[in-house]
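Following: one structure in C-alpha cells, then a few remarks.
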Amino acid sequence: MEKDTGMFERIYRLVSKVPEGSVATYGQIALMVGHPRAARMVGFAMGRAPEGLPCHRIVNRLGAMAPGDVFGGSGFQRRLLEDEGVTFREDGRIDMERHRWDGTDGD
DNA sequence: CGTCTGACGATGC
DNA sequence: GGCATCGCCAGAC
C-alpha cells in the first residue's frame, strides 16, 4: 500500500470504501484513521476532497451536514443518499442507527 | 516556530 | 432540546 502522505490520504481512502446505502460520521472516520478527536480534520478533508469521493455519505453525528451551500447544498446530498437507498427521518436527518456504516467494507 | 482555522464532538446551560 | 463554549489535530501562513 502507498504510504500515507498525510491523514487526508487515509481519510479519502476510507471514505471511498463506504458502501452505498450506508453513511459514516466525521467522528467515526476520524476514529478509524486513528484520530478519535480529529473529526474536524475529516470535515476539512472533505472540503478539499477530490472528485469521485462519495463525500455525500459523510455526515455529522446528527445525520445532517452543513446548513449552508456546502457540497452544492444539503438538499443535493440528501437526494443522492435517497437514491442510494438511504432513508431519512421526519427530522430531516438520516436514520443513523439504520444506515451507520459498520466499518466493514464487505470483507 | 507561533497563530489561525476548519463540512466536528462533547458538555454546559 | 437548541444554542454557546471549549477542546482537538493537523495544515497553511
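A, B, ... follow the sequence lines: proteins, then strands. Residue 1 opens every chain.
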Remember a base hit wins even if backbone is also touched, and classify Gly27(A) as base, sugar-phosphate or nothing at under 4.0 Å, heavy atoms. sugar-phosphate
As an exercise, state the distance from CZ of Arg93(A) to CZ of Arg78(A), rounded to the nearest 0.5 Å. 10.0 Å
Full working for side chain to side chain contact (heavy atoms under 4.5 Å, CB included) between His35(A) and Val42(A): CA-CA 10 Å; His35(A) 292 268; Val42(A) 179; over 6 Å; no
Under 3.5 Å for both distances, Watson-Crick or G-U wobble, that's the pair rule; now give the dot-bracket for DNA chain B, with | marking pairs to another strand and [ ] for crossing ones. .|||||.||||||
Nearest heavy atom decides the nucleotide; on that basis, is Phe44(A) or Thr25(A) closer to the 5' end of DNA chain B? Phe44(A)
Protein-nucleotides 10-13 of chain B N/O pairs under 3.5 Å:
unit_1  : atom_1 : unit_2   : atom_2 : d
dA10(B) : OP2    : Arg61(A) : NE     : 3.1

Counting only side-chain N and O atoms of His35(A), is one of them less than 4.0 Å from OP1 or OP2 of dC8(C)? no
Between dA7(B), dA10(C), dC9(C), which one does the side chain of Arg40(A) approach most closely? dC9(C)
Between dA12(C) (C1') and Arg48(A) (CZ): distance, integer Å: 10 Å
Tell me whether Arg61(A) contacts the main-chain N or O of Gly27(A) through its side chain, where contact means a donor paired with an acceptor under 3.5 Å. no
Would you list the pairs meeting ring pair (Phe, Tyr, Trp, His ring centres under 6.0 Å) in which at least one residue belongs to residues 87-107 of chain A, sequence neighbours left out? none
Look only at the side chain of Asp102(A) and the backbone of Thr104(A), and say whether a donor-acceptor pair between them is shorter than 3.5 Å. no
Quick check for you: to the nearest 0.5 Å, what is the distance between Ile11(A) atom CD1 and Met46(A) atom CE? 6.0 Å
Compare the minimum distances between each of dA7(B), dG9(B), dC9(C) and the side chain of Tyr26(A), then state the nucleotide with the smallest one. dA7(B)
Using whole Å, what does the distance between atom P of nucleotide dC9(C) and atom CZ of Phe8(A) come to? 15 Å
Sidechain-backbone polar pair: Tyr12(A) side chain, Ala45(A) backbone, donor-acceptor under 3.5 Å: yes
Between dC13(C) and dA7(B), how many Å separate the two C1' atoms, rounded to a whole number? 22 Å
